[in-house]
Amino acid sequence: MATGESASPSNFIRNIIDEHNRNGRFGGKVETRFPPEPNGYLHIGHAKSICLNFGLAADYGGVCHLRFDDTNPTKEEQEYLDSIIEDVSWLGFDWGEHLYYASNYFDQLYEFALKLIEGGKAYVDDLSAEEIRAHRGTLTEPGKDSPYRGRSVEENLDLFKRMKAGEFPDGSRVLRAKIDMAHPNLVMRDPTLYRIRRAVHHRTGDKWCIYPMYDFTHCISDSIEGITHSICTLEFEDNRVLYDWVLDQLAIYHPQQIEFARLNLEFAVMSKRKLLELVKGGYVDGWDDPRMLTIRGMRRRGFTPESVRLFCERIGVGKKESWIDMYWLEKAVRDDLNEKAPRVMGVLDPIKVVITNYPEEMEEKFEAPYFPDNPPAMGYRDVPFCRELYIEREDFMEDPPKKFWRMAPGQEVRLRWAYLVTCREVVKDDQGEIVELRCTYDPETRGGWAPDDRKVKGTLHWVSARHGLKAPVRLYDRLFSVANPGAFKDRDYKEFLNPESMVLMPDAVVEPSLAGAAPGSRYQFERKGFFCADPLDSTEGAPVFNRIVTLRDSWAKILDQQKREAARLEREARKTKNKG
RNA sequence: UGGCCCGUCGUCUAACGGCAGGACAUCAGCCUUUGGAGCUGAUUAUUCAGGUUCGAAUCCUGGCGGGCCAGCCA
C-alpha cells in the first residue's frame with residue numbers, strides 16, 4: 001500500500017498519523033523504529049511493539065528501523081543482540097539497510113552535549129548520586145539547586161572534556177541539563193545526561209568512559225535517523241517533555257513521541273528481570289523453554305510467526321492499561337494452525353482395544369485425508385489397522401453420564417476412517433484398573449460408513465498397536481496458576497508457578513506416518529490439539545512432540561455444566577430436607 | 001495528598017459534536033466421520049454529577065476508580 005490512509009483497523013496512533021498527513025507535518029512520511037536494549041531476550045510484549053512499528057511503517061509506505069539502544073555497557077551483551085536480530089527476523093519483519101546502534105552516535109551525541117553546555121543549558125555536577133537524590137525533592141516538594149549549578153560555561157566545558165578524557169573516577173561527576181529543580185514533573189529537575197562509567201562496550205570497546213543517558217540519547221537518535229513517529233510505552237509519558245526539550249534546545253529535526261499501553265497477559269510474567277530469574281534459577285529450561293512467552297520459547301513450542309502477528313493485530317493498541325486473557329493467544333494459534341496443520345492421529349494416554357472378531361493375521365490400510373474439510377487438494381496418508389489398537393483412556397467410560405457419546409459397554413462408536421465398533425467386555429487387573437477393552441467390529445462399515453445410515457454420534461481417534469510409533473509427548477500449559485502472579489505484595493510470584501505447566505506423556509503412541517515428521521513441523525492430533533515436533537529433541541524417525549495448544553473442548557464444558565447442575569440439585573435437596 | 005495519563009458490551013477495541021459499530025466470549029439453531037472447523041441468528045456497554053450545545057462517549061468543571069514518575073536503568 002502506498003502512502004495515505006490504510007485499510008487496517010483504526011487506532012489512536014493511526015489517527016495521529018492521518019492528522020499529520022493531512023496537515024503535512026512530516027510531508028506524508030512515516031518512519032518508525034523498534035529500539036530494544038540488548039540486555040535480554042525478546043518476549044510477546046516486545047512482539048506487540050514490533051508488529052506495531054513495522055506494521056505502521058508497512059501500511060503507510062514507510063520504513064521501520066531496528067535500532068539497538070546500547071548506552072549502558074554494564075548491562076548489554078552481544079548474545080542478546082544476536083538473539084534480537086534473529087527473533088525480529090523470525091517474526092517476519094525486515095529492516096533492510098536500517099540497522100542502527102545508538103552507540104554509533106556517541107561522537108555526535110558528545111558534540112550535542114557540548115552545544116548544550118555552550119548554550120548554558122547543561123552543567124557538570126560534582127554531587128554524589130545520593131546527594132543528587134537528596135536534592136531532587138519529592139513528588140510533593142520542590143528540589144534544591146546543586147551548589148555546582150552556577151558554574152561558568154568555560155568551566156563546564158573544561159570539566160566535561162576532562163570527564164571524557166578519563167581524568168575523573170567513575171561516579172565522581174555527571175553532566176546535567178539545567179532546567180528547573182522545582183518543576184512539578186520530576187523528569188525535568190535537571191536530569192542527568194552523561195555519567196562516567198569505565199566499562200567495555202560491546203561495540204565501542206574502551207573508547208569511551210562516559211556514556212549518555214536514555215533521555216539524551218533517544219530523542220537525538222530519532223532525530224538523526226529522521227524518525228517521524230517515535231512510539232514507546234506509557235511509562236515514558238513523563239519523559240516526553242524532556243524529549244521535546246532536548247530537541248528544542250538543540251534546534252534540530254523533531255519527531256513526535258507517542259505512547260501506548262504495553263501488553264499485560266494473564267497467567268504470565270513479562271518483565272525482563274523475572275524472565276531472567278526464571279531462567280537463572282532453573283525454574284524453566286532456558287530462554288527457549290516452550291512454556292516461556294519469549295519469542296524463542298514460543299518458537300520452540302511451535303507457534304507460527306503468523307499466529308503471533310495475528311494475536312498482536314487482534315488485541316489492538318490503546319492507552320488503556322488492560323490485561324489480555326491467554327485465550328486470545330491460544331485462539332490466534334488455533335485459527336492459524338487450523339488452516340495449515342495436517343490432521344493425524346496420536347493417542348496420548350493409551351488403553352488397549354482388541355477387536356475380537358477381526359482375524360489375528362489380517363491387516364488393512366485406510367486412506368485418510370490430511371485435511372478432511374478439503375481432502376483432494378491436500379493429500380492423503382495410509383493408516384494401518386489390525387486386531388489390536390490403542391484408544392484414548394478418557395474416551396471410554398464403563399458407567400457414562402448423559403451425552404457421553406464415546407465408547408461405553410454396548411455403545412457403538414466410529415474409529416475414524418476405519419470401522420464402527422462396539423465394546424463387549426472390560427478387562428481389569430487385580431487393582432480394578434481397566435487394562436483392555438474387547439470389542440467387535442462391523443465388517444460392513446469399512447471406512448466408517450454405515451450402509452444403513454444408522455446414526456453413530458461418537459468418532460474416536462486410534463492407533464494400531466502393531467504399527468504405532470512410540471513418541472514422547474509433552475503437554476504444555478500456562479506457566480502460572482493465577483492470573484496475575486506479580487500482584488501479591490507479600491507473596492513472591494514464583495510461589496504461583498503451575499506445577500502442571502509441563503506434563504510428559506511417556507506412553508503416547510502416534511500413527512506410523514509421523515516417523516517422518518520433520519523437526520519443527522506442526523500437526524493437528526485430531527480431537528487433541530496442535531502439536532509440534534520439537535526442533536531440538538526430535539531425531540530422524542524419532543520425533544518428540546510439544547503440545548502447542550489444545551483444541552476447543554466443548555465436552556469439557558458440558559461436563560462442567562453437568563457438575564454444576566448436580567451440585568445445585570444437591571444443595572436444593574439439602575434445603576428441602578432441612579425444612580422438613 | 002505534586003505532575004502526567006486512562007475509564008465504551010463479560011473481554012479487547014471503533015466512533016475527531018450527529019443512528020454507540022466490530023471481534024472474541026456467551027446463548028439458540030444448522031451442518032459435521034474431529035464434542036474441531038464452518039454457517040445463521042440473538043443477548044450484552046459509554047464510571048458518576050453538573051455545565052456548554054438544537055444535539056455530548058466525544059468539549060468544559062468536579063467527584064469516583066485505575067496507572068506512571070523521586071536510577072549516574074531503559
Side-chain angles (χ1 to χ4, degrees), chain A residues 9-12 15 18-19 35-37 39 69-72 74-76 125 127-130 132-134 136-143 170-176 182-189 191-197 210-211 213-215 217-218 232-241 259 261 272 314-325 327-328 331-332 334-335 338-339 343 345 368-369 371-373 403-406 414-418 420 445 447-450 456-461 524-529 550-559:
Chain A
S10 177
N11 62 49
F12 80 100
N15 291 345
D18 291 341
E19 175 60 24
E37 184 188 11
N39 70 342
D69 219 336
D70 52 353
T71 58
N72 186 357
T74 58
K75 289 189 176 174
E76 295 148 8
D125 196 346
L127 254 29
S128 70
E130 298 77 57
I132 287 180
R133 191 183 327 123
R136 189 152 26 226
T138 68
L139 295 176
T140 51
E141 304 155 31
D170 285 10
S172 60
R173 286 182 163 90
V174 291
L175 182 72
R176 289 230 260 167
H183 199 108
N185 179 349
L186 302 230
V187 168
M188 297 296 271
R189 316 243 260 231
T192 302
L193 267 22
Y194 267 90
R195 72 282 218 192
I196 304 172
R197 189 98 106 208
I210 56 169
Y211 291 95
M213 301 283 291
Y214 166 86
D215 285 308
T217 309
H218 205 90
C232 60
T233 42
L234 250 28
E235 68 270 25
F236 291 100
E237 271 174 329
D238 286 347
N239 299 59
R240 190 178 60 239
V241 282
E259 311 86 16
K272 283 183 182 176
R314 284 178 178 176
I315 58 172
V317 48
K319 297 198 74 158
K320 185 170 59 168
E321 186 104 1
S322 54
W323 283 83
I324 307 293
D325 195 303
Y327 179 86
W328 288 90
K331 171 78 176 158
R334 283 194 195 111
D335 287 353
N338 183 46
E339 303 284 311
R343 314 289 129 123
M345 293 192 286
F371 290 87
D373 292 337
K403 291 189 185 170
F404 183 85
W405 309 335
R406 286 118 97 140
R414 174 183 297 110
L415 295 180
R416 179 140 240 222
W417 311 123
L420 300 184
T445 59
W449 306 99
V456 178
K457 275 267 201 183
T459 299
L460 270 37
H461 60 281
Q524 184 194 108
F525 288 6
E526 284 193 288
R527 307 210 302 135
K528 291 275 84 178
T550 61
L551 255 30
R552 207 165 82 142
D553 188 354
S554 47
W555 168 240
K557 213 164 71 182
I558 293 170
L559 267 185

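Chain naming here is simple, since letters A, B, ... match the order of the sequence lines and numbering starts at 1 in each. Hydrogens, waters and symmetry mates are skipped; everything else that's a heavy atom, side chains included, is used. Quick caveat: nothing in here was measured; it's all calculated off a predicted structure.
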Going by heavy atoms in the side chains, are A:N239 and A:H218 under 4.5 Å from each other?
no

At 4.0 Å (heavy atoms only), tell me whether [X] reaches a base, stays on the sugar-phosphate, or touches nothing.
{"X": "A:F404", "answer": "base"}
{"X": "A:K557", "answer": "sugar-phosphate"}
{"X": "A:L551", "answer": "base"}
{"X": "A:R552", "answer": "sugar-phosphate"}

Taking only residues two or more places apart in sequence, or in another chain, which ones meet A:F236 in a ring pair (Phe, Tyr, Trp, His ring centres under 6.0 Å)?
A:Y214

Go through the structure and list residues passing ring pair (Phe, Tyr, Trp, His ring centres under 6.0 Å) with A:W323, not counting sequence neighbours.
none

Gap between atoms [atom1] and [atom2], on [X] and [N] respectively (whole Å):
{"X": "A:R527", "N": "B:U32", "atom1": "CZ", "atom2": "C1'", "answer": "14 Å"}
{"X": "A:F12", "N": "B:U13", "atom1": "CZ", "atom2": "C1'", "answer": "12 Å"}
{"X": "A:K331", "N": "B:U26", "atom1": "NZ", "atom2": "C1'", "answer": "13 Å"}
{"X": "A:E141", "N": "B:G3", "atom1": "CD", "atom2": "P", "answer": "14 Å"}
{"X": "A:H461", "N": "B:U34", "atom1": "NE2", "atom2": "P", "answer": "13 Å"}
{"X": "A:W405", "N": "B:U34", "atom1": "CH2", "atom2": "C1'", "answer": "12 Å"}
{"X": "A:I558", "N": "B:A28", "atom1": "CD1", "atom2": "P", "answer": "10 Å"}
{"X": "A:R343", "N": "B:U32", "atom1": "CZ", "atom2": "C1'", "answer": "13 Å"}

Expressed as a whole number of Å, how far does the [atom1] atom of [N] sit from that of [M]?
{"N": "B:A42", "M": "B:U34", "atom1": "C1'", "answer": "27 Å"}
{"N": "B:A45", "M": "B:G21", "atom1": "C1'", "answer": "12 Å"}
{"N": "B:U46", "M": "B:G10", "atom1": "C1'", "answer": "16 Å"}
{"N": "B:U47", "M": "B:C6", "atom1": "P", "answer": "14 Å"}
{"N": "B:A28", "M": "B:C64", "atom1": "P", "answer": "43 Å"}
{"N": "B:G36", "M": "B:C27", "atom1": "P", "answer": "12 Å"}
{"N": "B:U8", "M": "B:C16", "atom1": "C1'", "answer": "16 Å"}
{"N": "B:C73", "M": "B:G7", "atom1": "C1'", "answer": "31 Å"}

Which letters describe nucleotides 69-74 of chain B, given B = protein heavy atom under 4.0 Å from base, S = only from sugar-phosphate, - = neither?
BBSBSB

For [N], take OP1 and OP2 only and decide whether either is under 4.0 Å from a side-chain N or O of [X].
{"X": "A:N15", "N": "B:A15", "result": "yes"}
{"X": "A:Y327", "N": "B:A25", "result": "yes"}
{"X": "A:T140", "N": "B:G3", "result": "no"}

Which heavy atom in [X] sits nearest to a heavy atom in [Y], and how many Å separate them?
{"X": "A:R195", "Y": "A:T71", "value": "NH1-O, 3.5 Å"}
{"X": "A:A450", "Y": "A:T445", "value": "CA-CG2, 4.2 Å"}
{"X": "A:W328", "Y": "A:I315", "value": "CB-CG2, 4.5 Å"}

Any donor-acceptor pair under 3.5 Å linking the side chain of A:R189 with the backbone of A:R136?
yes

By nearest-nucleotide position on RNA chain B, the 5'-leaning member of A:V317 and A:A556 is A:V317

Partner residues of [X] under the side-chain contact (heavy atoms from CB on, under 4.5 Å) criterion, sequence neighbours left out:
{"X": "A:P372", "value": "A:R343, A:P369, A:R416, A:W417, A:E526"}
{"X": "A:K319", "value": "A:F12, A:L234, A:E237, A:E259"}
{"X": "A:E141", "value": "A:T138"}
{"X": "A:N185", "value": "A:H183, A:V187, A:M188, A:D238, A:V241"}

Check the interface with nucleotides 8-10 of chain B: list each N/O to N/O pair with the protein under 3.5 Å, or write none.
unit_1 : atom_1 : unit_2 : atom_2 : d
B:U8   : OP2    : A:K320 : NZ     : 2.3

Residues which pass side chain to side chain donor-acceptor pair (under 3.5 Å) with A:D335, listed by chain and number, not counting sequence neighbours
A:R314, A:K331

Sequence-distant partners of A:N39, side chain to side chain donor-acceptor pair (under 3.5 Å), two or more places apart:
A:E37, A:K272

What form does the base of B:G71 take, syn (within 90° of 0) or anti?
syn

At what distance, to the nearest 0.5 angstrom, does CZ of A:R414 lie from CH2 of A:W405?
12.5 Å

Output for pair (A:Q524 CD, A:N338 CG), nearest 0.5 Å, gives 7.0 Å

Range-with-range stems for RNA chain B, at least three Watson-Crick or G-U pairs under 3.5 Å
B:2-7 with B:64-69, B:10-13 with B:21-24, B:26-30 with B:38-42, B:47-51 with B:59-63

Between the base of B:G35 and the side chain of A:R406, is there a donor-acceptor distance below 3.5 Å?
yes

Restricting both atoms to N or O, compile the protein contacts to nucleotides 56-65 of chain B shorter than 3.5 Å, with distance only.
none

Is a donor from one side chain sitting under 3.5 angstrom from an acceptor on the other, for A:D69 and A:T217?
no

